[in-house]
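Proteins get letters first, then strands, A, B, ... in listed order; numbering begins at 1 in each.
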Amino acid sequence: MAEDVFKKLVAHCKEYGFVFQSSEIYDGLGAVYDYGQNGVELKNNIKKYWWDSMVMLNENIVGIDSAIFMHPTIWKASGHVDAFNDPLIDNKDSKKRYRADVLIEEQLAKIEEKINKEVEKAAKRFGDAFDEAQFRSTNARVLEHQEKWDALHNRFAKALNDGNLEELRQIIVDEEIVCPISGTRNWTEVRQFNLMFSTEMGSTSDGALKIYLRPETAQGIFVNYLNVQKTGRMKLPFGIAQIGKAFRNEIVARQFIFRMREFEQMEMQFFVKPGTELDWFEKWKTTRMSWHQSLGFGAENYRFHVHEKLAHYANAAVDVEYKFPFGFKEVEGIHSRTDFDLSQHQQYSGKKIQYFDTEKNESYVPFVVETSIGVDRMFLQVLSASYKEEEVSDASGQKDTRVVLSLPPQLAPVKMAVMPLVKKDGLPEKAREIIDDLKFDFNCMYDEKDSIGKRYRRMDAIGTPFCVTVDHQTLEDNTVTIRYRDTMEQDRVEISKLRAIIAEAVSMKSLFAKLK
RNA sequence: GCGGGAGUAGCUCAGUCGAUAGAGCAUUAGCCUUCCAAGCUAAGGGUCGCGGGUUUGAAUCCCGUCUCCCGCUCCA
C-alpha cells in the first residue's frame, strides 16, 4: 500500500517535471537522475531554506563553495582511499556478498584461536609453573599452527599489497573457507569495489594526475579551515557551511533519488574547543530536528537513530530519520568528528592547522561537529510528505480524486498562477498585466487552456499555493478571486493586495521563527 | 554482481491461433464561454527496448543483449 503510493509519487515526479531519469532517450543511466523545471525550483528553495538558516541566521557561520576536484592526498588523509577500496566476493549459493579480505582475516583469527586454546589447555595442566612464552616457542602443535598462520598472513599481505584479486580468491579456495550461510565454497571472482570515482587531470596521459571526484563535501571545508578562520577572523566556536555535489560509486544504488551515484549535500562543519564537542553535538541535534519539524510534516514522522557502530573519525553519531512510504530512512547525519580530520590534514600537509585560544593562551586542533543532509533525500522527503490523493465530489455529487502537493508555500516551485476565466473579452490581457507586476517578486505562471477546474487541478498537482482568476468583474473594480490550494476556498480581493498576501505566505520568515 | 518481474504513442494499457499498429487520457488547432477533471470537430504522434534467428509473413515463437522495477550490502 505504502509502496504503491511511492510508485505513484515517482510517476508523478516524471509527469509533472520534477525528476527525470538521466539520459532517458539512451535507455537511461543507472542511479542518476535529472531535475526538471519544477524539481529544480523546489530543490533550490530547499537549499535556500537550509543555507539561510545556517549562514544568514548565525553570525558565527559562514559559507564556502569549494571545488569538486581536490588534491588526491586529501583522500589519503581523510581515510577514503584506504577505507573504501574493498575487494568483494559473492557466494553463489547464499547470494551473500563478503569482503574477501575480511573472510581471510577471519580465517587468520580462527588459527589464532586454536593456538590460544592449546595455550589455555597447557596453562590448566601446568598450573602456576606454566611459562607461556616458552610454551609458545616450543610446543609442536602451537608451532605448527603458528607456521600456518605466518604463511597465510604473508601470502595475504602480499596479495593485498599487490592488489592481486585472483590471488585473494585463490587463498579463499586454498583455505577452504566456506560461506557461513550456505556452508558452500561456490565463490565468484573477487572484484574491486571503489567508492570514489576517479579521473585524470593533465592533458598528457603519462604526466596525468589521478583525481577523485569527492565522495563528501566535508573535506573541502576542512582544507579551507585556515583560510576561512584567518580571513574571516573567526573565533571558536564557528561553522563553515557548504552545498555541493558529491559522488559515490554505490554497488547497489536504487530507491529512486534516495541513493544516487551523483548527489548533493548540505554540510556544516562546526569547529569547537576540545572537550565541548558533545555539548555542541546535543545542541545541533536539537537545532537540526527543529529545522525539519518547522516544515509542518508532523513530529511523529521523525526520529533520531543513534549509531552503534561509529565511523573511524567519530565519537558520537546520530541520524535524523523520516518516515518515508518505504519506512523510516536517514535524511541527515549529525556526527561528532573529533579532531580526526584536521589532525590528519595537519599531518599529511605538514601545515599547522590549529587555533590560538587567547583565553587559555595555547594552540590546539579544534574538534568538529558535523551536520550533513542530503538535498535529494530532503527533496524526496518533502514530496513524500506533501503528495496527497483526496476524495472530492463535484457539483453533481460525482466522486473524484484530487492529486495535490501540499508543499509548504515557501518551498513551492510556482507561487501563483494567474488565469483568465475565459479566453476573450480582454481577460487574458488583464491576467498578463497582473503577472507583469508580480513576476519580479514571485515565480508566476499563466494558464488559459481548458476549463477553470482543470487548470486548478493542474496547479494542485505541482503544489502551487495560490491561483488568481480574472473574471468580468475584475475589469470593473480591479478585484480578482484568489483560490487556496489546500482548502480550495476562494476570496475576492483587490489586485493591489495580492503582493502582500502572497509575500506573507511564501516568506521563509515564518519558518525561521520556529527554529530553536 | 546474483535472483525475480517488466519493456507497445507523452501517460495507463489492449493486441486472439503469427497476417494493415489500437483505445482512453494527454498534446496541437478550431468551436463553445462555463469558478473546481472527463462538451464538440479535426490533426499530429509508433525503428512494438535493441540485435539476430525460424517463417511466404513476427509486437506475437526462439536465442542473445540493454534498461528499468523489486530483494541481498553500505550510506547522505
Side-chain angles (χ1 to χ4, degrees), chain A residues 3 6-7 10-12 14-16 21 23-31 83-84 86 88-99 181 186 188-191 193 195 215-218 245-260 263-267 307 309 311 317 319-321 326 329-335 370-378 380-381 392-395 398 400-403 419-425 427 448-461 467-473 480-483 485 488-490 492:
Chain A
E3 286 286 345
F6 184 63
K7 264 189 187 159
V10 172
H12 191 87
K14 189 192 169 186
E15 188 172 356
Y16 290 96
Q21 170 76 51
S23 318
E24 197 183 357
I25 61 169
Y26 290 99
D27 286 333
L29 186 64
F84 295 98
D86 305 334
L88 299 174
I89 191 166
D90 292 336
N91 182 273
K92 289 179 185 168
D93 299 309
S94 65
K95 314 292 177 203
K96 286 285 171 188
R97 165 167 297 159
Y98 300 93
R99 280 176 55 175
I181 307 281
N186 191 6
T188 63
E189 296 303 301
V190 174
R191 288 177 311 273
F193 167 65
L195 171 94
E216 64 174 18
T217 54
K245 288 282 181 86
F247 307 84
R248 291 186 195 173
N249 209 351
E250 301 286 344
I251 322 168
V252 177
R254 240 179 267 155
Q255 205 80 285
F256 195 42
I257 58 171
F258 190 79
R259 181 173 292 110
M260 299 194 288
F263 61 103
E264 196 159 17
Q265 294 183 307
M266 302 188 284
E267 293 197 315
H307 281 220
K309 270 193 307 183
D319 294 336
V320 177
E321 296 189 334
F326 44 89
K329 295 283 177 187
E330 178 186 355
V331 174
E332 173 157 8
I334 300 158
H335 292 82
E370 164 189 277
T371 74
S372 175
I373 170 171
V375 178
D376 313 278
R377 287 186 177 185
M378 188 63 203
L380 189 58
Q381 195 250 278
V392 292
S393 41
D394 66 11
Q398 281 280 343
D400 173 35
T401 311
R402 177 172 88 120
V403 176
M419 30 189 85
L421 188 59
V422 295
K423 205 170 27 176
K424 62 174 189 183
D425 302 335
L427 301 189
E448 63 175 23
K449 179 85 171 115
D450 297 314
S451 73
I452 192 73
K454 226 171 187 177
R455 283 179 271 170
Y456 286 151
R457 296 299 172 86
R458 272 204 288 266
M459 286 300 139
D460 291 340
C467 288
V468 166
T469 302
V470 172
D471 56 19
H472 290 93
Q473 188 183 332
V480 290
T481 59
I482 182 165
R483 178 256 194 194
R485 177 195 66 201
M488 294 195 285
E489 281 168 6
Q490 288 175 270
R492 181 160 280 275

- Task: Return yes if the base of B:C35 and the side-chain atoms of A:D471 contain a donor-acceptor N/O pair under 3.5 Å, otherwise no.
- Result: yes
- Any chance you could lay out the side-chain contact (heavy atoms from CB on, under 4.5 Å) test for A:L421 and A:Q473, step after step, and finish with the verdict? CA-CA 11 Å; A:L421 188 59; A:Q473 188 183 332; over 6 Å; no
- Residue matched to B:U67 through Watson-Crick or wobble contacts both under 3.5 angstrom: B:A6
- Min side-chain heavy-atom separation A:K329-A:D319 under 4.5 Å: no
- Does any N or O in the side chain of A:R377 come within less than 3.5 Å of the main-chain N or O of A:F258, such that one atom is a donor and the other an acceptor? yes
- Which whole number of Å gives the distance between the C1' atom of B:G24 and that of B:A38? 11 Å
- Taking a pair as Watson-Crick or G-U wobble with both distances under 3.5 Å, which nucleotide is matched to B:C48? none
- Message: Taking the P atom in each of B:U8 and B:A59, what is the distance between them to the nearest angstrom?
- Response: 15 Å
Might you list the N or O atoms of the protein lying below 3.5 Å from N or O atoms in nucleotides 43-45 of chain B, with each pair's distance?
none

- Message: Test your reading of the model: is there a side-chain donor-acceptor pair from A:R455 to the backbone of A:P420, 3.5 Å cut-off?
- Response: yes
- Does the B:C74 base have a donor-acceptor partner in the side chain of A:R259 within less than 3.5 Å? yes
- Query: How far does the C1' atom of B:C62 sit from the matching atom of B:A29, given to the nearest Å?
  - Reply: 47 Å
- Could you tell me the separation between the CD1 atom of A:I373 and the CE atom of A:M378, rounded to the nearest 0.5 Å? 5.0 Å
- Would you kindly compare A:G374 and A:H472 by the position of their nearest RNA chain B nucleotide and give the one closer to the 5′ end? A:H472
- Given B:G39, is OP1 or OP2 found less than 4.0 Å from the side-chain N or O atoms of A:S451? no
Sort me out a list of protein N/O and nucleotides 26-32 of chain B N/O pairs below 3.5 Å, or just none if empty.
from: B:A26; atom 1: OP1; to: A:K454; atom 2: NZ; distance (Å): 2.9

- Query: Side chain of A:K14: nearest nucleotide among B:A76, B:C11, B:C36?
  - Reply: B:C11
- Message: Of the options B:C68, B:A76, B:C35, whose atoms approach the side-chain atoms of A:H335 most closely?
- Response: B:A76
- Item | Spacing of the C1' atoms in B:C66 and B:U47 (rounded, Å) | 16 Å
- Query: Between A:K454 and A:K449, does a side-chain contact (heavy atoms from CB on, under 4.5 Å) hold up when you go through it step by step?
  - Reply: CA-CA 9 Å; A:K454 226 171 187 177; A:K449 179 85 171 115; over 6 Å; no
- Distance-only donor-acceptor test (3.5 Å): side chain A:E15, base B:C11: no
- Message: Using the C1' atom as the point on both nucleotides, what is the distance between B:U16 and B:C61, in whole Å?
- Response: 15 Å
- Tell whether A:R485 reaches the base of B:C36 with its side chain through a donor-acceptor pair below 3.5 angstrom. no
- Message: Rounded to whole Å, please give me the gap between CD in A:Q473 and C1' in B:C35.
- Response: 12 Å
- Can you tell me the Watson-Crick or wobble partner of B:A42, both distances under 3.5 angstrom? B:U28
- Query: Please give, in whole Å, the distance from B:A76 C1' to A:I257 CD1?
  - Reply: 12 Å
- Message: Tell me which one of A:L427, A:I452, A:D450, A:V468 satisfies side-chain contact (heavy atoms from CB on, under 4.5 Å) with A:M419.
- Response: A:I452
- Are A:T217 and A:E264 close enough, and set up right, to give a side-chain contact (heavy atoms from CB on, under 4.5 Å), and what steps lead you there? CA-CA 9 Å; A:T217 54; A:E264 196 159 17; over 6 Å; no
- Item | Watson-Crick or G-U wobble mate for B:G1, both contacts under 3.5 Å | B:C72
- If we take the P atom in both B:A43 and B:C25, what is their distance in whole Å? 16 Å
- Task: Indicate, yes or no, whether a donor-acceptor pair under 3.5 Å links the base of B:C36 to the side chain of A:R455.
- Result: no
- Message: Show the nearest heavy-atom pair for residues A:F263 and A:F247, with the distance to one decimal.
- Response: CE2-N, 4.2 Å
- Kindly compute the distance separating CD (A:E332) from CD (A:E330), expressed to the nearest 0.5 Å. 9.0 Å
